[in-house]
Amino acid sequence: MQRWLLKRLLVKSALARELPLERFYGEDVESRGLVALAEYSLVQPDQGGNFDALVIDHFRGTEFETLFNQLRSELIVLNLSPEQAEAEFRDSLPKLERDHIDQQLNELQEKARNGAFSRADADRMNELTKRKATLDQRPGANRPVV
């Protein structure tokens, strides 16, 4: 999912403002690259189509150089327009939220198995379950994104 999102941000950097970054603080290079790209996007606005070149230049010599070069090559094949990138990105947001909810529910279930489940945890689990049900009722809710 991170690689897929990275490509959309390279095509349309303004989308970074809408990305829930707290969900992507992983240890892998793509998660770290996604956070780094999103943070860079917030301070370096897209300059009309050459954002990928700015990213390549900015991250040259860093752990992300190879990743962004690979993504740029993949984008040439995809030929993704900014409009397509935005539409696909927006379609992915409910799935991202569902995935995050699933992660939180799994953590709460683990707490319950370990006997550390509180009333607040039960309330949170109920709230998350309701939110997930709402997301699942949307048209196209279970359509794969990647």
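Keep in mind that the numbers below use all heavy atoms, side chains included, and drop hydrogens, waters and symmetry copies. As the structure is a prediction and not an experimental result, all values here were calculated from the model.
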Exercise for the section: Any chance you could lay out the side-chain contact (heavy atoms from CB on, under 4.5 Å) test for T134 and Q137, step after step, and finish with the verdict? Expected result: CA-CA 5 Å; T134 301; Q137 291 175 4; 5.5 Å; no
Practice task
Start with the C-alpha gap between E88 and W4, add the side-chain angles, then the distance that decides, and say whether side-chain contact (heavy atoms from CB on, under 4.5 Å) holds.
Solution key: CA-CA 10 Å; E88 291 177 5; W4 186 90; 3.8 Å; yes
Practice task
Could you please spell out the steps behind the salt bridge (Lys or Arg N to Asp or Glu O under 4.0 Å) verdict for D57 and R60?
Solution key: CA-CA 5 Å; D57 188 51; R60 185 168 284 121; 2.9 Å; yes
Exercise for the section: Test D102 against R98 for salt bridge (Lys or Arg N to Asp or Glu O under 4.0 Å), laying out the working first. Expected result: CA-CA 6 Å; D102 285 341; R98 274 193 315 280; over 6 Å; no
Practice task
Take R32 and E63, measure what salt bridge (Lys or Arg N to Asp or Glu O under 4.0 Å) needs, and give me the verdict at the end.
Solution key: CA-CA 10 Å; R32 291 191 320 272; E63 66 176 314; 2.4 Å; yes
Practice task
Take T129 and N126, measure what side chain to side chain donor-acceptor pair (under 3.5 Å) needs, and give me the verdict at the end.
Solution key: CA-CA 5 Å; T129 302; N126 188 34; 5.7 Å; no
Problem - Full working for salt bridge (Lys or Arg N to Asp or Glu O under 4.0 Å) between D136 and K132 - result: CA-CA 6 Å; D136 288 343; K132 184 177 177 183; 5.0 Å; no
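The minimum heavy-atom distance between V29 and L67, with the atom names listed, is O-CD2, 3.9 Å. Across every non-hydrogen atom of A38 and L19, the tightest pair is CB-CD2, 4.5 Å. What you find for A85 and V11 is that their closest heavy atoms are CB-CG1, 3.7 Å. Taking both residues in full, the closest heavy atoms of L5 and S92 are given as CD2-OG, 4.1 Å, listed atom of the first, atom of the second, then distance. Nearest heavy atom pair, residue A53 against residue R72, reads CB-NH2, 3.8 Å.
Ion pairing between a basic and an acidic side chain is recognised when a charged N comes within 4.0 Å of a carboxylate O; R131 and E97 show such pairing. Checked for salt-bridge contact, D99 and K95 meet the test: a charged N lies under 4.0 Å from a carboxylate O. Of the charged side-chain nitrogens involved, none lies within less than 4.0 Å of a carboxylate oxygen, so that E127 and K130 do not count as a salt-bridged pair. Using a cut-off of 4.0 Å between Lys/Arg side-chain N and Asp/Glu carboxylate O, E86 and R90 are scored as salt-bridged.
Below 30°, between 30° and 60°, or above 60°: for F59 and F64 the angle between ring planes is above 60°, a perpendicular geometry.
Inter-residue side-chain proximity for L54 and Y40 is flagged as met; some heavy-atom pair is nearer than 4.5 Å. In this structure, R8 and Q84 have side chains that are not in contact, with every pair of non-hydrogen atoms separated by 4.5 Å or more. Between H100 and L96, every side-chain heavy-atom pair lies at or beyond the 4.5 Å cut-off. Using a 4.5 Å heavy-atom threshold, the side chains of K12 and L15 count as touching. Looking at heavy atoms from C-beta onward, E18 lies in side-chain contact with F89 at the 4.5 angstrom threshold. Between M125 and Q104, every side-chain heavy-atom pair lies at or beyond the 4.5 Å cut-off.
Side-chain contact, T66 with N69: no donor N or O sits under 3.5 Å from an acceptor N or O.
Taking CG from L10 and CD1 from I56, the interatomic distance works out to 7.0 Å, rounded to the nearest 0.5 Å. With rounding to the nearest 0.5 angstrom, the CG atom of L75 is 6.5 Å from the NZ atom of K7. Atom CD of residue Q103 and atom CG of residue L108 lie 11.0 Å apart, to the nearest 0.5 angstrom. Considering CD1 of I101 and CG of N106, their distance stands at 12.0 Å, rounded to 0.5 Å. Atoms CZ and OG, on R124 and S118 in that order, are 12.0 Å from each other to the nearest 0.5 Å.
Put simply, the side chain of S13 never gets that close to the backbone of L9: no donor and acceptor are under 3.5 Å apart. Remark: side-chain polar atoms of E65 are paired, donor with acceptor, to backbone N or O of G61 under 3.5 angstrom.
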